[in-house]
Amino acid sequence: PVPKTNASGRRELEPDDPTIDSITGLATRTDFEGAMDDYESDEATLIVVDLDGFAAVASEYGQTIADAILREVADRMVSSCRRGDLIARIGPDTFAILFADAPRSVGLHVAKRLLDTIALPLPIAGGPEIVTATVALAHQFGLVDMEELLESADDAVASGKRSGTGRLVIAS
């Protein structure tokens, strides 16, 4: 099972806990990988969200604005997901969501909502008006291989970015 979150979607841990990302308040990659290792179900749905061109945003607007954008994106992700879903920051501008007992249709619905929600105007003065993301959905039913699931989602993100920005890609 996926670790539980509090009402805001953040893990209920101490602020200096190494399993919490200090910028977004989400789970870290290490915590996410631990949850994947412990996952026990015959169905898994995973979304990977990679912000488009975010290194350029950080270079142009500075790290303070970039961090504020990351927090805003994290908030939007939390509001788009269910309480029991594990949301993690797994890279500098990459997030992942592991759904607790959710069919592919739930993941697809959330992925579409995330694509639209992330692209809404940002309320951050001195930064870009919007950011976009490439969102990938991976799903397995039966004998679930979590490494393969994450690799499929990562490959889908890469494929989506080659086709442009602000895209939803379904992993094969």
Side-chain angles (χ1 to χ4, degrees), residues 1-3 5 9 11 19 21 23-24 26-59 66 69-82 84-120 128 130-172:
V2 175
T5 57
R11 296 288 305 276
T19 63
D21 178 65
I23 295 171
T24 63
L26 300 174
T28 63
R29 182 177 188 101
T30 301
D31 196 41
F32 185 77
E33 289 172 347
M36 288 181 64
D37 289 343
D38 296 340
Y39 192 82
E40 293 179 6
S41 179
D42 61 355
E43 185 170 24
T45 304
L46 173 73
I47 291 177
V48 172
V49 175
D50 192 90
L51 299 180
D52 298 322
F54 198 70
V57 169
S59 291
I69 293 169
L70 290 171
R71 280 189 294 278
E72 178 65 23
V73 168
D75 289 346
R76 291 176 183 192
M77 292 179 70
V78 167
S79 68
S80 295
C81 293
R82 302 171 313 160
D85 302 330
L86 177 63
I87 308 167
R89 181 175 174 214
I90 62 170
D93 57 0
T94 307
F95 302 86
I97 305 160
L98 181 58
F99 291 89
D101 302 317
R104 182 178 182 267
S105 60
V106 169
L108 186 58
H109 177 75
V110 172
K112 288 176 181 177
R113 186 171 44 214
L114 284 170
L115 194 64
D116 294 338
T117 302
I118 290 170
L120 291 172
I130 64 164
V131 293
T132 60
T134 300
V135 178
L137 171 71
H139 177 82
Q140 286 185 355
F141 188 82
L143 186 58
V144 175
D145 181 334
M146 295 305 282
E147 282 185 38
E148 183 181 293
L149 190 69
L150 183 57
E151 187 177 311
S152 294
D154 286 341
D155 290 347
V157 165
S159 172
K161 287 193 175 287
R162 285 191 296 274
S163 301
T165 60
R167 299 198 183 268
L168 170 60
V169 186
I170 308 301
S172 53

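You'll find the side chain of Met77 stays beyond 4.5 Å of the side chain of Thr24, heavy atoms only. For the pair Arg167 and Lys161, the minimum side-chain heavy-atom distance is 4.5 Å or more. Contact of the Glu72 side chain with the Val131 side chain is not registered, since no non-hydrogen atoms from C-beta on lie closer than 4.5 Å. Using a 4.5 Å cut-off on side-chain heavy atoms (C-beta onward), His109 and Val106 make no contact. Here the side chains of Phe95 and Ile47 are not in contact, with every heavy-atom distance at 4.5 Å or above. Within the 4.5 Å cutoff, side-chain heavy atoms of Ile118 are placed close to those of Leu51. Annotation: side chain of Pro128 is in contact with side chain of Ile69 (closest heavy-atom distance under 4.5 Å).
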- [ ] For Leu26 and Phe32, run side-chain contact (heavy atoms from CB on, under 4.5 Å): C-alpha distance rounded to whole Å, both residues' side-chain angles, the deciding distance at 0.1 Å, then the answer.
- [x] CA-CA 10 Å; Leu26 300 174; Phe32 185 77; over 6 Å; no

TODO: Evaluate the criterion side-chain contact (heavy atoms from CB on, under 4.5 Å) for residue pair Val73 and Asp93; output intermediate values, then yes/no.
DONE: CA-CA 10 Å; Val73 168; Asp93 57 0; over 6 Å; no

- [ ] Give the intermediate values and the outcome of side-chain contact (heavy atoms from CB on, under 4.5 Å) for residues Leu114 and Arg76.
- [x] CA-CA 8 Å; Leu114 284 170; Arg76 291 176 183 192; 5.9 Å; no

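Residue Arg113 holds its CZ atom at 12.5 Å from CG of Leu115, rounded to the nearest 0.5 Å. Taken from CG in Asp155 to CG in Leu150, the straight-line distance is 9.5 Å, to the nearest 0.5 Å. In this structure, Ser105 OG and Leu137 CG are separated by 10.0 Å, a value rounded to the nearest 0.5 Å. From Gln140, atom CD reaches atom CG of Asp42 across 11.5 Å, with rounding to the nearest 0.5 Å. To the nearest 0.5 Å, atom CG of residue Asp75 and atom CG of residue Leu70 are 11.0 Å apart. Interatomic distance, CZ of Arg71 versus CG of Asp21, reported as 10.0 Å (0.5 Å rounding).
With hydrogens and angles ignored, the 3.5 Å screen pairs a side-chain donor or acceptor of Asp85 with a backbone N or O of Arg82. At distances below 3.5 Å, at least one donor-acceptor pair connects side-chain atoms of Asp52 with backbone N or O atoms of Ala133. The closest donor-acceptor contact from the side chain of His139 to the backbone of Ala44 lies under 3.5 Å. Panel note: side chain Arg89, backbone Gly91; a donor-acceptor pair is recorded below 3.5 Å.
Minimum interatomic distance between Ile90 and Arg29 (heavy atoms only, all atoms of both residues): O-NH1, 3.1 Å. When all heavy atoms of Thr134 and Gly166 are compared, the closest pair comes out as OG1-N, 4.3 Å. Here the closest non-hydrogen pair linking Val169 and Ala156 is CG1-O, 3.5 Å. Contact detail for Phe99 and Tyr39: the closest heavy-atom pair is O-OH, 3.7 Å. In terms of heavy atoms, Ala136 sits closest to Val157 at CB-CG2, 3.5 Å. Minimum heavy-atom separation, Ala35 to Leu86: CB-CD2, 3.4 Å.
A donor-acceptor contact closer than 3.5 angstrom links the side chains of Asp50 and Thr94.
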